[in-house]
Amino acid sequence: MCGIFAYLNYNVGRERRYVLEVLLNGLRRLEYRGYDSAGIAIDSDLTLEAQNENGKCKPYHSSSPLVFRQEGKIESLVTSVYSEVDKLDLDLEKLFLVHAGIAHTRWATHGVPAPKNSHPQSSGEFDEFLVVHNGIITNYEVLKQTLVRQGFKFESDTDTEVIPKLAKFVFDQARDGEGGVTFSQVVMEVMRQLEGAYALIFKSPHYPNELIACKRGSTLILGVNELGGETSRHLFHDVKALTANEKPKELFFSSDLCAIVEHTKNYAAIEDNEIVHIKDGSVSILRFDNEKEMPASVQRALSVLEMEVEQIKKGDFDHFMKKEIHEQPGSLTTSMRGRLKNGIVGLGGLKDHMRTIRRSRRIIFIGCGTSYHAALAARPIMEELTDVPVTMEIASDMLDRKALIFKEDTAVFVSQSGETADTLHALEYALENGALCLGVTNTVGSTLARKTHCGVHINAGCEIGVASTKAYTPQLVWDKRLTLAIGSDKLSTLAKREAIIAGLTKLPEQVRDVLKLDGEMKVLAQSLIDEQSLLMFGRGNNYATALEGALKVKEVALMHSEGMLAGEMKHGPLALVDEHLPIIVIATQDDSFSKQQSVIQQLHARKGRLIVMCSKGDASLVCPDGRSRVIEVPQVADCLQPIINIIPLQLLAYHLTVLRGYDVDQPRNLAKSVTTQ
Ligand code: F6R
C-alpha cells in the first residue's frame, strides 16, 4: 500500500542528481508494498518561477519546489523526471549543503491512478505546502467543504489534498494575525482537524530545508546517519543528542525500514501523535495532545536495525519470491536463534504474561491470508499439548460478526507486516473487550508490535515478494514454541514435547533438503500451465498447508486454486472429480495417513488426476498402481510436517507463475501490507 519517504542532507554537499537518486531509490525499496503511481518533490533553483503564468509573484523568498508525479511504475516516474529536468534545463550537478526532498508511492483508494491523484499533494498555486500521506483521512469531505467555502480549489479526487490546503489555511490565518508561526505549529493545528489513520511528511518553501513528519495509525520510521566518523553510534544514542548538532548528517523518513537500511542502521520508530521536526540539522519530537495547547517534548532512543542490505536485493535470483523461498533454512535458523537452548523454550517477550495465558478461558488466533493459515496450523498441536481451548478467527469476519471475546481470553494476532488494517481493527476490538492481546509479527516497530500487550518478533528478515513465503515457515515454528511454552509439563506429553524440540533444531537442514525439489516442481508446473483450476486436499496438521498452497497458486500464478479439508471431499467437492482436474493430495505420515489413503482410493475410483505428496519411501503406499505423480518429502514430527510440506507448493506456485508469464513479485491488484479495510 502507500509508502512515504523523505531525505534531508545537512552540512554535507549533495548534488541534485544524488538527491534525486536517493528519493527514487527510496521509492524502489517501497515498491514491493504495492502501488499504482508515484511522485517526488525537490527544490528548484532560486531564480526559477519567481512569477507564475498570471504574473503573480510567489509568496516566499526561497526556491519553489518542483513536483513530479506519474501513474504506473517507478521507472515511468524516473523517465518523466529526467525528461522534465532536461526541459527545465535544471542543473543536476548543483550542490546543496542542505536539501529536503519527499517521495511517495500511491495505492489508489480515493480517485483513479493518475498524476493529479498522485502525491505529493499540494496546497495549490506555488506549492506552498506539499504533503505525502500513507493512510486514510475519514473526515476529508467535511474538511473539503469548509476549505472550498474559504476559496480553495481542489484538483484531485484524493482524501489527502485537504491536508496541504488545511496547512496553507492555518498558515495564512496565523500570518494575518500577530507574529509568525512555526512549521510545527502549523502541522499541529492540521493534526487537530484530521480524523483517520495517517503518516504524513510535509515540505514547504515557507520553511526551506525543514521537514515535518507526524503519524496516527500508520507506521513512520526516522533514520539517522551521522557522517564522518566511527563514533556516531555513541554520539547519538537518542534523538535528543541530535538537537543543535552541527555535524554533517543525513536524515530519512520512511514507512518502512527496507527503504533506509542501505543508508543507516540507526532508526527510531515514531509513535502515534508524535510530530518530528527537522530544522537546522536538529531533530525534535513533540507529542501532540488534542486537549492541550502546547505539545510535550519527547526523548526517543535510537534503535539499531538488525537487517542486512542483502535482504532487500535479489542477488543471484531472478525474483524475490524465489530468493525468499530459498532463504527459508536461514530464516528458520535466525528465527530460532537464542530461543531454543538445551531444549528449553525461551520467549522473553511473553514471560510476564505466561500465567495469564495458561489460565485463559480460551486462546483465539486472529489473522488474514497466509498469517491466518500459519495460525490455523498451530491449532492441532496447541489443542493436544495445552489444556486451553483454541479457536480461529479471520480478522475481517470477526469484526463483521462482532464475535464474542472476553477479558478471560488470550487473543493471538499473527501478521507478517504488523500493519494489516483488518488485523489491527480486530486488535482494537479485542483490547476494548479486555482480552490479553499477544502479537506475532515480522516487523519491528509495526503497529501490531506496539499495540499488543506482549508478543514476539519472528525475525524472518525482510520479505519483499508480495506473496508471503519466508515469513510463513518461521510463523509456523513460532506457533510450536508458544505451544511448548504454555503447554503443561504432564508426563504423558513429555515424549511428544521432546520430539518437537529435537525436530525443531533439525528443521533448517530438512528444509534445505526439500528445496532440492525445485527442478521437479518446475517440471510439474510445466504440466499444469494450461489448467483452469487446481485443488489441494489436506487434513489435520496439513489442512492449513492445503489452504496456503492454494493461496500461493491463486495469488501469483493467477490460476483458480482451492485448498480443501479432505474430510469434506465426499460432501460436495467429489462431484468435480474427473480425469482432467488436477488435485494435489497431502498424505504425509501422521495420524490421518490411513484416512488420506482412503481419500486417494476414492479419487482413483473416479479416475481423478492426482498428485500425491507423501513421506519419503511411501510412494507405493499412496500410489500402488503407479498411476499418480508423487512428491516425496522428508518425514518429521507431525506438527512440524507443514513446514516441510509447504515448500514444494511454494516452488510450484513460483514456477507456474513464471511459466505462465505473470509478475511473480508484484501480482496484479495485490499489495504487501493491506492498510485498508
Ligand atoms: C499471501 C499474503 C497475504 C497476507 C495477508 C496478511 O501471500 O501475503 O494473504 O498474508 O494480507 O498480511 P500480514 O501477514 O502482513 O498481516
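Nothing here was measured: the structure is a model prediction, and the numbers come from that model. Just the heavy atoms: all of them, side chains too, but no hydrogens, waters or symmetry mates, feed the values below. Counting starts at 1 for both ligands and their atoms, in listed order.
Atoms of ligand 1 found under 4.0 Å from any heavy atom of Ser468, numbered from 1 in the order shown, are 7 (O), 8 (O). Numbered from 1 in the order shown, with element, the atoms of ligand 1 that lie under 4.0 Å from a heavy atom of Glu555 read 1 (C), 2 (C), 7 (O). Close approach of ligand 1 to Gly369 is summarised as follows: ligand atoms under 4.0 Å from at least one heavy atom of the residue are 9 (O), 10 (O). For ligand 1, the atoms lying closer than 4.0 Å to a non-hydrogen atom of Lys552 are 1 (C), 7 (O).
Nearest protein neighbour of atom 14 (O) of ligand 1, counting heavy atoms only, is Ser371 OG, 2.5 Å. For atom 15 (O) of ligand 1, the nearest protein heavy atom (residue, atom name, distance) is Ser417 OG, 2.6 Å. Atom 11 (O) of ligand 1 has as its closest protein heavy atom Val674 CG2, 4.0 Å.
A donor and an acceptor atom, one from each side chain of Asn541 and Gln641, are nowhere located under 3.5 Å apart.
Remark: among candidates Val414, Thr420, Val466, Thr370, the nearest residue to atom 16 (O) of ligand 1 is Thr420, based on non-hydrogen atoms. Counting heavy atoms only, Cys368 comes closest to atom 6 (C) of ligand 1 of the residues Ala421, Gly367, Cys368.
Using a 4.0 Å cut-off between a side-chain N of Lys or Arg and a carboxylate O of Asp or Glu, Asp397 and Arg401 qualify as a salt bridge. Taking the charged nitrogens against the carboxylate oxygens, Glu463 and Lys470 have no contact shorter than 4.0 Å, which rules out a salt bridge. Ion pairing between a basic and an acidic side chain is recognised when a charged N comes within 4.0 Å of a carboxylate O; Asp479 and Arg379 show no such pairing. Salt bridge present: Lys451 and Asp272 bring a charged side-chain N and a carboxylate O closer than 4.0 Å.
The shortest N or O to N or O distance between Gln416 and ligand 1 is below 3.5 Å.
Applying the side-chain hydrogen bond (donor to acceptor under 3.5 Å, both in side chains) test to pairs two or more places apart or on separate chains, none has a residue in residues 421-441.
By the ring pair (Phe, Tyr, Trp, His ring centres under 6.0 Å) test, Phe317 pairs with His326, sequence neighbours left out.
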